[in-house]
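The next block holds one structure in the form of structure tokens; read it before the comments.
Here is how names work: the chains are called A, B, and so on, in the same order as the sequence lines, proteins then strands, and each is numbered from 1. This is a predicted model, so every value here is computed, not measured.
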Protein chains: 4
Amino acid sequence: MAGVNKVILLGNLGADPEVKYLEGDNVVANLRLATTESYKDRNGNRVDQTEWHDLELWGPQAKIAEQYLKKGSQIYVEGKIKSDTWQDDQGQNRKRTKIRVISFTMLGGKSEMGSNPQENAGMSQPSTNYKAAASPAPSTSGPDIQMDDSDDDLPF
Amino acid sequence: MAGVNKVILLGNLGADPEVKYLEGDNVVANLRLATTESYKDRNGNRVDQTEWHDLELWGPQAKIAEQYLKKGSQIYVEGKIKSDTWQDDQGQNRKRTKIRVISFTMLGGKSEMGSNPQENAGMSQPSTNYKAAASPAPSTSGPDIQMDDSDDDLPF
Amino acid sequence: MAGVNKVILLGNLGADPEVKYLEGDNVVANLRLATTESYKDRNGNRVDQTEWHDLELWGPQAKIAEQYLKKGSQIYVEGKIKSDTWQDDQGQNRKRTKIRVISFTMLGGKSEMGSNPQENAGMSQPSTNYKAAASPAPSTSGPDIQMDDSDDDLPF
Amino acid sequence: MAGVNKVILLGNLGADPEVKYLEGDNVVANLRLATTESYKDRNGNRVDQTEWHDLELWGPQAKIAEQYLKKGSQIYVEGKIKSDTWQDDQGQNRKRTKIRVISFTMLGGKSEMGSNPQENAGMSQPSTNYKAAASPAPSTSGPDIQMDDSDDDLPF
DNA sequence: TTTT
DNA sequence: TTTT
């Protein structure tokens with residue numbers, strides 16, 4: 001039963017975040033992330049190989065992504081693999097794999113922090129590490145606890 | 001261009017390895033790995049959530065997997081996400097995601113190492129860490145050589 | 001400012017946990033973990049190389065460790081590197097590095113769960129993943145949030 | 001015996017690399033890497049906590065570090081923990097922990113690749129991932145060969 | 001001693 | 001579809 005399911009990615013966004021506001025105050029952001037490897041083939045030519053990843057962020061993380069990330073942004077991501085399975089119109093089993101983001105960090109320093117300081121509350125550094133908080137935000141009354149969403153049972 | 005694409009899994013095999021011997025001495029093994037998380041839902045009930053991963057191993061690794069792994073084996077895996085994309089019969093874009101294994105380690109000590117000591121050459125411990133070696137070995141001669149199989153340009 | 005400091009270990013305990021109960025309900029456990037690599041030297045002889053790690057766990061994690069881990073236990077650990085620096089008697093700068101554990105998972109299934117079922121509440125599997133909760137436990141009123149202690153500002 | 005000893009760091013260099021050329025064509029580079037976490041304390045004030053890591057790179061990696069890294073460079077690192085233990089003048093046991101780098105990637109795109117294209121041979125991208133190659137190259141001929149430098153038995 |  |  002012991003299980004570890006961990007993904008570490010570092011790459012660039014292929015497009016601006018797609019953010020959806022759902023009922024009940026929930027927010028989800030979908031990102032397309034490219035990770036590119038370079039290697040030399042047997043003839044000594046450099047070859048780039050790009051893998052595209054579908055990332056999913058929920059709650060406060062989604063909002064931070066909406067606010068600060070855009071096409072081209074470089075980020076470091078920790079998450080886990082999550083698959084959806086369903087039957088398509090032809091009755092065939094289908095599977096789609098995405099990365100549920102647990103935390104991410106903006107790199108590259110090309111931040112364009114909004115001009116509204118309110119927006120940046122508690123986030124003076126654009127490259128702070130954003131741990132996921134469940135959404136709706138739990139009323140943690142403890143000191144400064146960082147939450148992550150790795151094990152919650154919210155419906156996402 | 002900087003890219004990191006890393007997966008760390010720890011779980012159990014849902015079936016024996018499926019191994020195919022290809023032309024040119026190539027071997028590929030496919031594994032189904034389950035990683036299970038346990039958490040309590042809002043009612044305090046324990047819930048298990050299992051994610052199934054398709055693993056792909058090549059060359060010597062595939063042979064080691066064939067030899068030592070079986071349904072139920074517990075392993076620790078490092079690898080990377082690799083997707084195949086194609087068009088199906090209906091002309092729809094399809095995508096299948098799997099984990100290309102870079103290294104793995106057998107856990108649990110329930111090894112049943114073959115009775116033939118030759119088989120265990122260099123592997124007195126069942127839980128040795130098996131780093132991937134490209135197969136057939138690339139004719140690496142320069143200093144730029146990739147020393148694991150993460151970046152090779154072999155056709156897999 | 002972007003920072004990642006992550007350690008992943010899988011190994012066995014060299015001794016039973018050392019647990020200290022501090023004032024204010026705090027608990028700390030210290031573990032000695034061995035990670036062993038096997039490789040062949042240039043003569044083809046198998047060589048084992050063991051690295052010893054000093055792990056530190058706080059709060060509920062420390063109690064779980066006290067309860068379920070013992071000399072020889074095999075665990076998977078995620079944590080971060082933390083160093084203490086000080087001056088010794090001779091006025092020399094000294095540094096000691098340890099691993100602050102964020103989460104751990106018991107492996108090997110050799111659990112000897114206590115006979116008191118209360119103790120195992122919510123932990124029917126010995127190999128559940130134990131995320132750290134800050135100590136003293138925050139009064140999280142949210143649903144089932146998993147906390148980790150990676151970013152707290154408690155004095156440890 | 002199963003062992004995993006893995007470190008993932010992302011941070012900035014506190015100083016230029018220190019490179020030593022040893023007898024027998026060996027090269028070693030030492031780096032000081034800072035990883036900084038930001039969090040809010042219980043009063044809502046942002047606090048930065050910096051951990052300093054001693055990195056050690058060998059062979060070709062050391063040369064690449066010497067050539068392209070400098071004080072302030074942002075890098076992503078994978079490696080493992082390695083400790084030296086010895087007795088000091090007072091006969092006391094001492095231990096020093098460092099990170100043996102397995103691979104690293106330059107981030108931030110502030111590369112100042114030398115103007116000599118020869119220098120960049122096989123490395124048109126400053127942020128290529130540098131996997132360690134043992135130096136001098138081991139005469140790998142069998143299938144059990146370690147394909148990165150994590151498990152070699154070279155004298156470093 | 002870094003970085004934002 | 002990203003990035004250098």
Could you give the [atom1]-to-[atom2] distance, from [X] to [N], as a whole number of Å?
| X | N | atom1 | atom2 | value |
| --- | --- | --- | --- | --- |
| Lys71(A) | dT2(F) | NZ | C1' | 8 Å |
| Lys70(D) | dT3(E) | NZ | P | 10 Å |
| Trp52(A) | dT3(F) | CH2 | P | 8 Å |
| Leu10(A) | dT2(F) | CG | C1' | 13 Å |
| Leu55(A) | dT2(F) | CG | C1' | 12 Å |
| His53(A) | dT3(F) | NE2 | C1' | 13 Å |
| Arg46(A) | dT3(F) | CZ | P | 19 Å |
| Gln49(A) | dT2(F) | CD | C1' | 16 Å |

Donor-acceptor pair, side chain of Asn5(A) and main chain of Ile81(A), under 3.5 angstrom: yes

Backbone N/O of Lys71(D) and side chain of Asp16(D): donor-acceptor pair under 3.5 Å: yes

Which residues share a side chain to side chain donor-acceptor pair (under 3.5 Å) with Asp89(B), sequence neighbours left out: none

Any donor-acceptor N/O pair under 3.5 Å between dT2(F) base and Thr50(A) side chain: yes

Electrostatic pair Lys82(C)-Glu51(D), nearest N-O below 4.0 angstrom: no

